Enquirer: 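There's a structure below that I have some questions on.
Treat the numbers as computed from the prediction; the structure is a model and nothing was measured. Whatever order the structure lists them in is the order used to number ligands and atoms, beginning at 1.
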Amino acid sequence: MKTLYFITGNKGKALEAKMKFSVLDIEIIQKDIGYPEIQADTLQEVARFGVDYLQKKVKYPFIIEDAGLFIDALDGFPGVYSAYVFYKIGCDGILKLLENVEHGKRKATFRSVYAYSEPGKKPLLFAGECKGTISKRVIGGHGFGYDPIFIPEYHAKTFAQMSTEEKNEFSHRGKSLEKLINYFKNI
Ligand code: ITT
């Protein structure tokens, strides 16, 4: 069995990847060593910077993942700042910012980018997204982060009302992870 390090502080992300990679006989090992997340417009830029920084520190292949919620009515905010904004104002703070925004104008997109890095090589990026709407209130007890206020397209429930398996079938991270897995299947 091969080993692949997943550099993340998020246990949920690591577990999800662990399950998917096990069918390829690749063991995912979580490493919470942290890396700077720069201010940029896209997750791709954030991921590239993270890889550059980590390649100077570690000498083995690894993956990282960056995600964010981009809300149309807020010009894409919190986007690449999602983690910090969640820590500061949470779902309630986002709902407050959207207080006077009517139902049809509450569109948002969850985005995810996985980066795979081998020492000395340019990282490979795999992106996924999931479109949806921001609910009027916090609903559901599953998941994490902005799950209780995000209703994916063609569904009537928030991510927080779904099991992890159901969410990952079409979530932003489910899609980017699928692309990453397919890359490993083909090499
Ligand atoms: P890392 O150590 O891997 O960076 P993290 O939890 O800080 O772990 P990100 O920076 O990628 O993860 O995520 C940004 C924030 O976006 C995260 O803290 C959540 O609040 C939110 N988020 C990302 N994916 C989400 C999802 O599937 N459901 C709900 N919120 C999500």
Enquirer: Using the rule that two of Ile, Leu, Val, Met, Phe, Trp, Tyr join whenever any of their side-chain heavy atoms come within less than 4.5 Å, decide whether Tyr84 and Phe86 are in one cluster.
Expert: no

Enquirer: Near Phe86, which atoms of ligand 1 are under 4.0 Å from a heavy atom of that residue?
Expert: 20 (O)

Enquirer: When only distance counts, is Asn10 in polar contact with ligand 1, meaning an N/O pair under 3.5 Å?
Expert: yes

Enquirer: Has Arg106 got a side-chain atom pairing as donor or acceptor with Ile134's backbone, closer than 3.5 angstrom?
Expert: yes

Enquirer: Using a heavy-atom cut-off of under 4.0 Å, does the side chain or the backbone of Tyr146 touch ligand 1, or both, or neither?
Expert: both

Enquirer: Starting from atom 2 (O) of ligand 1, find the nearest protein heavy-atom neighbour and note its residue, name and distance.
Expert: Gly9 N, 2.8 Å

Enquirer: With the 4.5 Å side-chain cut-off for hydrophobic clustering, are Tyr53 and Leu124 part of the same group?
Expert: no

Enquirer: If you measure from each non-hydrogen atom of Phe144 to ligand 1, which part falls under 4.0 Å: side chain, backbone, both or neither?
Expert: both

Enquirer: Note the single closest protein heavy atom to atom 27 (O) of ligand 1, along with its residue, its atom name and the distance in Å.
Expert: Lys167 NZ, 2.7 Å

Enquirer: Tell me which protein heavy atom sits closest to atom 3 (O) of ligand 1, plus the residue, atom name and distance to 0.1 Å.
Expert: Thr8 OG1, 2.6 Å

Enquirer: Considering only the protein, which heavy-atom contact is closest to atom 7 (O) of ligand 1, and what is its distance?
Expert: Ala83 CB, 4.1 Å

Enquirer: Could an N or O of ligand 1 be found under 3.5 Å from any N or O of Ala67, whether backbone or side chain?
Expert: yes

Enquirer: Report yes or no: does a heavy atom of Tyr87 sit under 4.0 Å from some atom of ligand 1?
Expert: no

Enquirer: Cluster question for you: counting only ILVMFWY and a side-chain heavy-atom cut-off of under 4.5 Å, with indirect links fine, are Tyr35 and Phe6 together?
Expert: no

Enquirer: Looking at Lys13, Glu65, His172, Arg173, which one forms a side chain to side chain donor-acceptor pair (under 3.5 Å) with Ser112?
Expert: Glu65

Enquirer: With atoms numbered from 1 as shown, which atoms in ligand 1 lie under 4.0 angstrom from a non-hydrogen atom of His172?
Expert: 24 (N), 25 (C), 26 (C), 27 (O)

Enquirer: Stepwise, does the side chain to side chain contact (heavy atoms under 4.5 Å, CB included) test hold for Lys105 with Leu98?
Expert: CA-CA 10 Å; Lys105 298 201 168 137; Leu98 294 178; over 6 Å; no

Enquirer: Can you pull out the closest protein heavy atom to atom 10 (O) of ligand 1? Residue, atom name and distance to 0.1 Å, please.
Expert: Glu37 OE1, 3.4 Å

Enquirer: Who's the nearest protein heavy-atom neighbour of atom 16 (O) of ligand 1, and how far?
Expert: Ser82 CB, 3.4 Å

Enquirer: Looking at atom 28 (N) of ligand 1, what's its closest protein heavy atom, distance included?
Expert: Asp147 OD1, 2.6 Å

Enquirer: Minimum distance, heavy atoms only, to atom 12 (O) of ligand 1: which one of Glu16, Lys13, Arg173 is it?
Expert: Lys13

Enquirer: So, Lys175 side chain and Glu129 main chain: donor-acceptor pair closer than 3.5 Å or not?
Expert: yes

